[in-house]
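Please read the structure below before turning to the comments.
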Amino acid sequence: MFSKRTEWKLTPNELSLRLEAIERQGKPVLNLIESNPTRCGLRYPKRRILKALASARNISYEPSGTGSVSAREAIVRYYQSRGFSVDPKRIFLTASTSESYSVIFRLLLNHGEHILAPRPSYPLFEFLAQLNDGIIDFYRLGYDNGWHIDLDDFKKSVGAQTRAVVIVNPNNPTGSFLKQKERLEINHICRQQDTAIICDEVFSDFYFSGDENRIGSMVENNAVLTFTLGGISKSLGLPQMKLGWIVVSGPDDMVKTTTERLEIILDTYLSVNTPAQNALPAWLLLRPVIQRRILRHLKNNKDFIAKRLTKGNICQCLHAEGGWYAVLRLPKTRSEEQWILEFLEADRVLVHPGYFFDFEQEAHIVLSLLVHPRTFKEGFNRILKRILAAAS
Ligand SMILES: Cc1ncc(COP(=O)(O)O)c(C=O)c1O
C-alpha cells in the first residue's frame with residue numbers, strides 16, 4: 001500500500017529508548033543538543049516580533065509563486081547589509097530551508113539521479129533526497145587543525161548523474177566555511193560536469209572571527225547555476241515562523257529557465273503564509289539584537305570549553321569558524337555509543353554521537369552552543385569529569 005520511499009526503519013534507537021526511560025522516571029536530563037532557539041532561554045524582542053504580525057494587510061490574500069515584493073526587497077537589503085547585491089526577481093520565498101531543498105530537487109532531478117553532499121554534515125539530506133526520488137552520494141571533509149573540503153574526493157565523487165552538489169556554508173556541525181580556493185575548484189568541476197550548486201547558508205551570520213579567504217555568501221556566484229538558501233529559522237532564531245528563501249544566480253540563460261520553472265513549482269503549493277511575508281521587513285530590522293543574543297550564547301559556551309580544555313588534554317574541541325555547534329574528539333577508550341550512553345545514564349547529560357552526522361572516525365560528540373550557558377557549563381563539567389576520570 002505504501003511507497004518504497006517511505007519504507008523506513010521505525011524502531012527508535014538505543015539513545016532515544018534510554019532517554020525515554022529516564023524521563024519516565026522523572027529524572028531531569030541536561031540537554032546539550034538543544035538547537036531550538038526558542039527553548040534556549042534567549043530573550044527575544046517579543047513585542048516588536050508580534051507587533052509586525054498585527055497588520056491589516058494580513059486580511060487579504062495575494063497569492064504569488066515568488067513571494068511578496070516587500071518581503072523579497074527586505075531580503076535584498078539583508079544581503080546589501082552584508083555587502084552582496086541581489087536582484088529581487090531572483091529571490092523565491094519558501095516555508096523553510098527543508099522545503100527549499102525539496103523544491104530544488106524536484107526541479108533538477110529525475111528518478112534515480114544523484115545529489116552530492118558533504119560528510120560529516122546535517123543528517124536530513126538523506127531523507128530529503130529519498131523523498132524526492134534522488135540518490136545521495138557524499139564528498140569528504142577532512143580535518144587538519146581546521147576543516148577543508150577534500151577536493152580530490154569531491155572531484156572523484158561528481159559523476160555524469162550528479163545533478164547538484166550541496167555546500168553547507170558554514171557546515172553543520174563542523175562550523176567550516178567555504179574558502180575562495182575551494183569555490184574556484186568547485187565551480188570548475190561543476191561547469192565541466194554540468195552540475196548545479198546548492199549552497200545552504202542558514203548559519204552564515206554566525207562566525208567567531210574574520211577570514212579573508214572565507215566565502216560569506218554564494219549569492220553572486222555566476223559561474224554555474226547556483227541556488228543559495230537562507231531563512232529566518234537560524235538568522236533570526238524564529239523557526240516557528242516558517243520562512244526561508246532561495247536566491248538563484250548563474251549564467252543569464254540558465255537563470256531565466258530556472259526562475260520560470262521554479263515559480264511554477266512554488267505556485268503549485270503556495271505554502272508561504274501571508275503574515276510571515278508581511279512581517280519579514282520589520283523582523284529583519286531586529287537582526288542585530290537577536291543575533292547579538294544568540295552570539296552571546298555561542299561565544300560564552302565556546303569560551304567555556306576552551307577554558308576547561310587545556311593543551312594536551314585527552315579531549316579536544318575541533319576548530320570551528322562559525323555555526324551553532326561544537327565537536328569534541330574523545331579518547332577511543334570507549335565507542336561513541338558507550339560514551340553517549342554513559343553520559344546520559346551516569347551524568348544525565350544528553351549529547352549527539354558523531355555517527356549521527358557520519359563522522360569518518362570514532363569517537364566524536366556534538367554539542368549545541370546555543371544552549372543556555374548555565375545549563376551548558378553544568379553539563380559540560382559533568383561529562384568532562386567522566387572523560388578525565390576514564391583517562392587516569
Ligand atoms: C544546515 C541546515 N540546513 C537547514 C536546516 C533547516 O532549516 P529550516 O528550519 O529553515 O528548514 C538546518 C536545521 O538545523 C540545518 O542545520
Side-chain angles (χ1 to χ4, degrees), residues 31-40 42 67 71 75 78 91-106 115-129 131-132 136 138-139 141 147 149 164-178 197-207 215 217-218 227-247 266 269 271-273 276-277 280 283-284 287 290-291 294 297-298 320-327 352 354 356-359 366-371:
N31 183 349
L32 293 203
I33 60 174
E34 187 58 82
S35 318
N36 176 345
T38 67
R39 289 200 205 130
C40 290
L42 288 164
I75 294 167
Y78 158 74
I91 298 175
F92 295 82
L93 300 191
T94 62
S96 68
T97 314
S98 303
E99 189 184 62
S100 299
Y101 276 113
S102 280
V103 165
I104 297 166
F105 292 166
R106 296 316 286 176
I115 297 146
L116 185 64
R119 179 153 68 190
S121 193
Y122 180 51
L124 221 63
F125 293 136
E126 248 160 312
F127 278 98
L128 286 167
L131 282 171
N132 290 288
I136 190 125
F138 295 98
Y139 63 92
L141 302 184
W147 291 95
I149 295 175
V165 301
V166 175
I167 298 166
V168 187
N169 186 41
N171 186 37
N172 168 6
T174 59
S176 44
F177 276 86
L178 179 70
I197 295 174
I198 302 172
C199 189
D200 178 338
E201 298 185 350
V202 294
F203 290 109
S204 62
D205 284 328
F206 303 99
Y207 47 87
I215 301 292
S217 175
M218 286 284 271
F227 300 86
T228 302
L229 313 187
I232 64 170
S233 68
K234 315 288 185 244
S235 64
L236 294 177
L238 295 173
Q240 75 279 34
M241 300 304 183
K242 307 306 298 176
L243 198 72
W245 59 82
I246 302 168
V247 180
L266 290 165
Y269 298 104
S271 60
V272 192
N273 74 85
Q277 294 190 55
L280 188 67
W283 285 345
L284 281 174
R287 196 164 71 97
I290 299 177
Q291 288 189 357
I294 293 179
H297 278 207
L298 305 179
E321 298 165 85
W324 285 8
Y325 300 94
V327 178
H352 273 311
F356 193 64
F357 301 87
D358 251 337
F359 275 76
V366 175
L367 313 178
S368 163
L369 294 172
L370 196 63
V371 171

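When a ligand or atom number is given, it counts from 1 through the structure's own listing order.
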Q. Using a distance-only test with no angle check, is there a side-chain donor-acceptor pair under 3.5 angstrom linking S176 and N171?
A. no
Q. What is the ring orientation for Y325 with F357, classed by angle as parallel under 30°, tilted 30 to 60°, or perpendicular over 60°?
A. tilted
Q | Among Y78, F227, F92, ring pair (Phe, Tyr, Trp, His ring centres under 6.0 Å) partner for W245 | A | Y78
Q. Regarding Y101 and N132, is there a side-chain donor-to-acceptor distance under 3.5 Å anywhere?
A. no
Q: At a heavy-atom distance under 4.0 Å, which protein residues reach ligand 1? Sort them by chain and number, would you?
A: S96, T97, S98, Y122, V168, N172, D200, V202, F203, S233, K234
Q: Report the distance from atom CZ of F206 to atom CD1 of I294, rounding to the nearest 0.5 Å.
A: 4.0 Å
Q.
Tell me which one of C40, P37, P170 satisfies side chain to side chain contact (heavy atoms under 4.5 Å, CB included) with W324.
A. P37
